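Scroll down for the structure; my scribbles are underneath it.
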Amino acid sequence: MAEQAVETGGLAAAPPERRLSAMGTGVRARQGGAPAGRFVGRGRELKALRADIVRAGLDTLSGRKTPRSRVLLIAGRPGSGRTALAEELVRRLAGEYPDGVVRARLTGVDGDPVPTERTARALLTALGAPVPAGAGEDELTEALRGALDGRRVVLLYDDAAGAEQVDPLLPDESACLVVAVSRGPLTGVPDVRPCTLGGLDVAAAVDLLEGYAGPTRITCDPVAAACVVEECGGQPAALVLVGGWLAARPKMSVVDVAKRLRELAPAEGHEGVGGRPLGRAFRLAYESLPQTPARLLRLLALAPAGLVDAHTTSALAGCSVSAAQAALEEFTAQGFLRAEPAEAPAGAGTRSCEPPAPQYRVPGCLAPMLRAALYGRERPAEVELARARMLERTVRQLHSCRAITETGDLATRKRIAELPRPLRFPTREAAEEWLLARLPSLLAAARLAVEDGRLDTLARRLVSALTRALTAHLGAERAAPELYGLHQLVLDVAQRCEMPLEKGAALLNLGDLDARAGRTTEALDRYREALRAARESGDPYATSRSLESIAAAHQELGDWQRAADWYRRGLELRLTRGELADEARLYGRLGAVYTYAGEWGDALRSWRAAAAACRRLRDQPGHARALSEAARVQEYAGRPQEALRTCLEAVECARQAGDIRLQAAVRLRLADTLERLGDRPAADLHRAEAERLLEAAPAGSGAAGPEAAGDPLPGAAGAPIAGGGGIAGLAGTTDSKAARNRSRNRSQDRAENRAQDRPEDGQGQQAPKGSLRNQ
């Protein structure tokens, strides 16, 4: 997603002129355009494109309904103003497409095509549609088409490398419009007629030059201005650079710049890239810079996703943040950079009082020339050092971004106070806003660091810091698509550096995300591979977590015997280490699996063992839940008198624990047992008592839910690994959906739902086949 430039115009509820970005993927590209939103010329092209929207296609002529959206193609070389023309067209069409505008850049700043699944993921995020973590290209593009059904949206695909990139992203909704920008024709996309761009006409080109250089010199010497336009081939990007050069040198005349451009022209037949109009304009502007600014400018070629700010520039050049900001503003005035809009990305919290720090983009047409200058003039060691400084600064910013969410801890507040002032965030909202706005460049930095392979330690630290910051601000569910890619990066580094422990941790995290997305079979494969890596590393903690994850996957697949076998293996390992809390948890998992399998004897022994372990731990809530589950198994096994005694013991444990909601849940269980024994009045009394307890319980009382899945393994990217959870999360895993319907009146229904609204109380699972509850 890092190379994406996605922007949405406020879907359905917002006016079309409002621009929102999602998950930090939003930018407004103006490469090769006029300053400050000015647009000049291209009237004929705009008229032709508007006419092409309503042009009768082959389907219309044959009498068939158009199966897909209309595609408009703007073709031209980088720097020809093709993106600016697309932006202007979209701006004029915005009122006709009330569901907004969504943009995506299909080629990265390095010139490589962006993978289709990454583009589809960014578009889904911008549209506000759910993004399945770890989904493949086909699933994501299908989800994108589904998200666009029934909407009137303009999709602007900038810098497409070919039809194979655009075709999977075309919506099936004929009311949508696709505007594609490419170097050449998109052969393979049907019914597309390209609008091919050349240079601007002289009047428009002079107007653009005047917008940067100022009107005085241009008006005084229109002939020389026309010569400059001819030397630049009418290319907007070249004219912007020349205009910026003139603006920075008020004593130079237009004749002087025309002469210099002619001197830079190569001999016939030796043009090359640097001899083209844009190349000559770049050489004129770049070679006129003093040594220090020139070095700083070429170092910007290292900026991930082509996005830079003062901190990135400061780290790359080794200068102060204020000096870096001044340099960025100067480069923007001279046409080397484009200022990004200073608007908060969608998904951020309450806007902070301070405006977000400005970001700048390296134009795609200039990026190859900056890279050539960088690697032609800087030693490889200097380039690597600059990249390391940038990554180190990014890691520190991410640590600060995460720390602001933990200000309740005294040690964390002390660490924040020790940070340099430019690295601190005033509020949590400001930190989240920064994270979302910088997310494209942060993700790109992580990918580039891993792909480089020479800075693996920094790459691992960056991925870990980014994962923790995303989880702290967005939560694991919302950040899952990005976390999946980050764990993949950790896996790449671990495999390359032969680090089995880190490899196992990454595989467990990926398996956990696969399991959450419903890809249980894929998750099981990940867990098995993680077990091999954990055994290779010799780490018992990683091994036990892998064993439990494999068992949980088999349980999800309904393979009770294999699940029980793997849980027993994990339990044996915990028993040898004397880890009592984990023993209680695993006995609970075994009890749940045996209950599903209808093996009442093994289930009862497991729940009793769990209850005994909780008693030794002095865990009263866990003890009460384990007893409640044991009572249920006794009831399933046809032993209601024993179930009644166990339920009464569970009620007493819950009372001693002081957990009101747990008391209510256990009393409802007791009421069911009494009703089976034929004591209806006593059952009604306990249901009424459960209702009273719930009404008396303050909001948020009781335990806060199941235990977390556990701390990440060392070297992991930071998300919890599957296979954790305590007895609180397992005591009710065998509750049935039918149990929610067993109350005899509305008040009883309400009491039970309120009593069992906590995940650890076990609602949401079906009762085992053959159980008494389903007979």
Side-chain angles (χ1 to χ4, degrees), residues 1 3-14 16 20-23 25-26 52-53 57-60 62 64-73 86 90 93-94 96-107 113-182 186-192 346 478 480-482 484-485 517-519:
M1 195 169 67
E3 287 88 356
Q4 313 309 317
V6 179
E7 185 176 310
T8 172
L11 298 172
L20 298 175
S21 59
M23 289 291 288
T25 57
D52 201 29
I53 297 174
L58 297 177
D59 292 291
T60 304
S62 62
R64 297 191 302 268
K65 181 182 177 181
T66 304
R68 305 181 90 176
S69 63
R70 169 72 75 184
V71 180
L72 305 181
L73 173 60
V90 166
L93 292 174
E96 302 172 27
Y97 293 85
D99 291 323
V101 178
V102 181
R103 293 166 169 78
R105 188 182 300 276
L106 303 187
T107 300
V114 177
T116 300
E117 59 267 23
R118 195 182 303 166
T119 303
R121 189 178 299 114
L123 292 171
L124 283 168
T125 301
L127 290 166
V131 184
E137 177 181 328
D138 292 341
E139 183 180 351
L140 288 168
T141 53
E142 182 64 29
L144 176 62
R145 287 189 287 271
L148 291 169
D149 282 346
R151 290 180 171 181
R152 288 182 60 84
V153 177
V154 178
L155 298 104
L156 197 162
Y157 297 146
D158 191 11
D159 206 5
E164 65 280 358
Q165 274 191 305
V166 175
D167 188 67
L169 301 172
L170 294 180
D172 292 333
E173 176 57 66
S174 59
C176 292
L177 175 69
V178 173
V179 180
V181 176
S182 180
L186 296 178
T187 306
V189 178
D191 202 20
V192 177
R478 184 178 167 200
E482 280 68 38
Y484 198 94
R519 297 187 295 271

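Everything numeric here is computed off the predicted structure, so don't read it as measured data.
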Is the shortest heavy-atom distance from the side chain of [X] to the side chain of [Y] under 4.5 Å?
X	Y	answer
Val102	Leu148	no
Leu106	Asp159	no
Leu170	Val189	yes
Arg103	Val90	yes
Leu144	Leu127	yes
Leu93	Ile53	yes
Leu123	Tyr157	yes

Taking all heavy atoms of [X] and all of [Y], pick out the closest pair and write down the distance.
X	Y	answer
Thr116	Pro168	CG2-CB, 4.1 Å
Cys176	Pro171	CB-CG, 3.8 Å
Val114	Gln165	O-NE2, 3.3 Å
Thr107	Ala161	OG1-N, 4.1 Å
Ala104	Thr119	CB-CG2, 3.8 Å
Ala517	Ala133	CB-O, 4.0 Å

Test salt bridge (charged side-chain N to carboxylate O under 4.0 Å, His left out) applied to Asp167 - qualifying residues, sequence neighbours left out: Arg68
From [atom1] ([X]) to [atom2] ([Y]), nearest 0.5 Å:
X	Y	atom1	atom2	result
Glu482	Arg121	CD	CZ	7.5 Å
Arg145	Glu173	CZ	CD	13.0 Å
Glu142	Asp172	CD	CG	7.5 Å

Salt-bridge present (Arg105, Asp158; N to O < 4.0 Å): yes
Positive for side-chain contact (heavy atoms from CB on, under 4.5 Å) with Leu177, one of Leu72, Val101, Val71: Leu72
